[in-house]
Engineer: 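Got a structure for you, questions after.
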Amino acid sequence: SHKMGSLENFKLSELFVIPSDKFLAEDIKKNALYESDDILLSVHGFNNGAERASLAFMQIVYDIRFQGIPIAFLWPSLGESGASAYHKDEETAALSYQPLADFLVKLIEVNQSKAKPGKIHLLAHSMGNRVLLNAVHLAKKKIKSGKPFAEIMLAAPDIDVTEFVTVIPSSIALSERVTLYHCADDKALKMSRVIHLNKRVGEAAVPFEGVVNIDATNANTSVLGHDYHASKSPLLYDLDMLINKQTSPAERPTLRKGEIKGHTVWYFP
């Protein structure tokens with residue numbers, strides 16, 4: 001809740017692993033613990049160990065009042081800052097593409113086998129966008145249905161433009177909507193640009209057909225993982241309306257419409 005304060009002050013009493021098959025069969029298939037059949041899968045970014053990433057996602061789920069099944073995909077980040085840790089996280093992030101792709105395929109199969117399938121939403125932050133976008137791209141070969149995903153939300157993507165252009169068509173084809181929150185002030189993006197010596201997708205609007213561009217400079221993307229603290233960020237309000245109601249950008253009071261070189265861009269006030 002907003003009363004929790006900084007995540008630095010909290011620790012999980014226990015963090016344990018549930019085999020994916022057991023989780024899919026019991027939590028997803030039976031859905032006895034949740035009020036909604038909808039699913040929200042999150043992929044954290046750089047400098048987020050399992051405990052920190054789990055806590056941050058728990059806070060987001062609470063803040064946006066998500067009543068469905070929350071899934072945090074935890075790839076093995078060192079949970080440390082600095083250039084050396086960043087390079088190590090890049091390596092482990094790349095090794096996580098296929099495992100997430102395999103899980104997504106199974107998740108879709110189990111969800112669609114239910115009498116009442118839920119909507120599957122995907123949310124990624126920072127370097128986690130590489131993991132998610134590449135995983136969806138790999139999974140596309142095995143996904144037979146048209147659009148198994150509802151909302152795919154990419155917050156401050158730390159990914160090269162060339163790589164993004166290669167993999168984003170799969171996410172567009174498999175979802176009802178792809179939303180890109182760009183923020184040049186995101187800490188991880190600043191470090192990434194220095195290391196890679198080139199622009200990252202999350203720094204500015206990307207005029208790609210099928211991608212909704214939102215300038216999150218005034219919303220603080222750090223609430224999704226980096227230096228998280230209790231916040232009433234307009235980004236959280238926007239995610240609330242997007243995930244829980246799938247409200248279009250034009251109908252969300254958190255946004256105002258703008259234009260850059262003939263392309264629509266949405267802004268937070």
Engineer: If the threshold is 4.0 Å, N to carboxylate O, is there a salt bridge linking Lys88 and Glu91?
Structural biologist: yes

Engineer: For the residue pair Arg130 and Asp158, what are the closest heavy atoms and their distance?
Structural biologist: NE-O, 2.7 Å

Engineer: Mind checking the SG-CD1 spacing from Cys183 to Ile214? Nearest 0.5 Å is all I need.
Structural biologist: 12.5 Å

Engineer: Counting C-beta onward and ignoring hydrogens, is there a side-chain heavy-atom pair between Ile243 and Met153 closer than 4.5 Å?
Structural biologist: yes

Engineer: Do you know the tightest heavy-atom contact between Phe57 and Ala72?
Structural biologist: CD2-CB, 3.6 Å

Engineer: Do any N or O atoms from the side chain of Asn244 and from the backbone of Ile64 form a donor-acceptor pair under 3.5 angstrom?
Structural biologist: yes

Engineer: Return the CG to NZ distance between Asn111 and Lys119, rounded to the nearest 0.5 Å.
Structural biologist: 10.5 Å

Engineer: Can you confirm whether more than 12 heavy atoms, excluding those of Lys142, are under 6.0 Å from its NZ atom?
Structural biologist: no

Engineer: Can you tell if the side chain of Val136 reaches within under 4.5 Å of the side chain of Leu104, non-hydrogen atoms only?
Structural biologist: yes

Engineer: Let me check something: do Leu122 and Phe208 share a hydrophobic cluster, defined by ILVMFWY side-chain heavy atoms less than 4.5 Å apart, either directly or through other members?
Structural biologist: yes

Engineer: Mind telling me whether Tyr86 and Phe46 have parallel, tilted or perpendicular rings, with 30° and 60° as the class edges?
Structural biologist: perpendicular

Engineer: Within the distance-only criterion (no hydrogens, no angle test), does the side chain of Lys140 pair as donor or acceptor with the backbone N or O of Ala135 below 3.5 angstrom?
Structural biologist: no

Engineer: Is the closest basic N to carboxylate O distance between Arg177 and Glu151 below 4.0 Å?
Structural biologist: yes

Engineer: Please determine whether side chain to side chain contact (heavy atoms under 4.5 Å, CB included) holds for the pair Leu41 and Val43, giving the CA-CA distance in whole Å, both sets of side-chain angles, and the decisive distance to 0.1 Å.
Structural biologist: CA-CA 7 Å; Leu41 183 146; Val43 186; 3.8 Å; yes

Engineer: Between the side chains of Glu51 and Ser54, is a donor N or O closer than 3.5 angstrom to an acceptor N or O?
Structural biologist: no

Engineer: Counting only N and O atoms by type, is there a donor-acceptor contact under 3.5 Å from the side chain of Asp238 to the main-chain atoms of Thr254?
Structural biologist: no

Engineer: Which pair of heavy atoms, one from Ile28 and one from Leu24, lies closest together, and at what distance?
Structural biologist: CB-O, 3.3 Å

Engineer: side-chain contact (heavy atoms from CB on, under 4.5 Å) with Val265: which of Lys257, His182, Glu259?
Structural biologist: His182

Engineer: Give me the atom names and distance for the closest heavy-atom approach of Ser171 to Ser175.
Structural biologist: O-OG, 2.7 Å

Engineer: State whether the side chain of Trp75 and the backbone N or O of His44 hold a donor-acceptor pair below 3.5 Å, judged by distance alone.
Structural biologist: yes

Engineer: Are Leu40 and Ile71 close enough that some pair of their side-chain heavy atoms sits under 4.5 Å apart?
Structural biologist: no

Engineer: Can you check whether Leu242 reaches Thr247 side chain to side chain, under 4.5 Å on heavy atoms?
Structural biologist: no

Engineer: Establish, from distance only, whether the side-chain atoms of Glu163 and Asn134 form a donor-acceptor pair under 3.5 Å.
Structural biologist: yes

Engineer: What's the spacing between Glu90 CD and Leu95 CG if we round to 0.5 Å?
Structural biologist: 12.0 Å

Engineer: Would you find a donor on one side and an acceptor on the other, under 3.5 Å apart, between the side chain of Ser96 and the backbone of Thr92?
Structural biologist: yes

Engineer: Could you see if Val165 belongs to whatever hydrophobic cluster contains Leu154? Use Ile, Leu, Val, Met, Phe, Trp, Tyr and a side-chain cutoff under 4.5 Å.
Structural biologist: yes

Engineer: Please give me the minimum heavy-atom distance between Tyr181 and Leu239, naming the atom from each residue.
Structural biologist: OH-CD2, 3.7 Å

Engineer: Determine whether a donor-acceptor pair (N or O, by modelled atom type, separation under 3.5 Å) exists between the side chain of Asn218 and the backbone of Phe268.
Structural biologist: yes

Engineer: Within the side chain of Arg65, is there an N or O that forms a donor-acceptor pair under 3.5 Å with the backbone of Asp240?
Structural biologist: no

Engineer: Locate the shortest heavy-atom distance separating Leu74 from Ala53; write the atom from each residue and the value.
Structural biologist: CD2-CB, 3.7 Å

Engineer: Honestly curious: do Leu123 and Met241 fall in one hydrophobic cluster under the side-chain, below-4.5 Å linking rule?
Structural biologist: no

Engineer: Counting distance only, does the side-chain N/O of His263 pair as donor-acceptor with the main-chain N or O of Pro207 below 3.5 Å?
Structural biologist: no

Engineer: Can you tell me if Tyr97 and Asp102 form a side-chain donor-acceptor pair at under 3.5 Å?
Structural biologist: no

Engineer: Are side-chain heavy atoms of His121 and Gln246 found at a separation under 4.5 Å?
Structural biologist: yes

Engineer: Is there a path of hydrophobic side-chain contacts, each under 4.5 Å between heavy atoms of I/L/V/M/F/W/Y residues, joining Ile168 to Leu138?
Structural biologist: yes

Engineer: So, the side chain of Asn129 versus the backbone of Ser126: is there a donor-acceptor pair under 3.5 Å, distance only?
Structural biologist: yes

Engineer: Where the side chain of Lys147 meets the backbone of Ala173, is there a donor-acceptor pair that is under 3.5 Å apart?
Structural biologist: yes

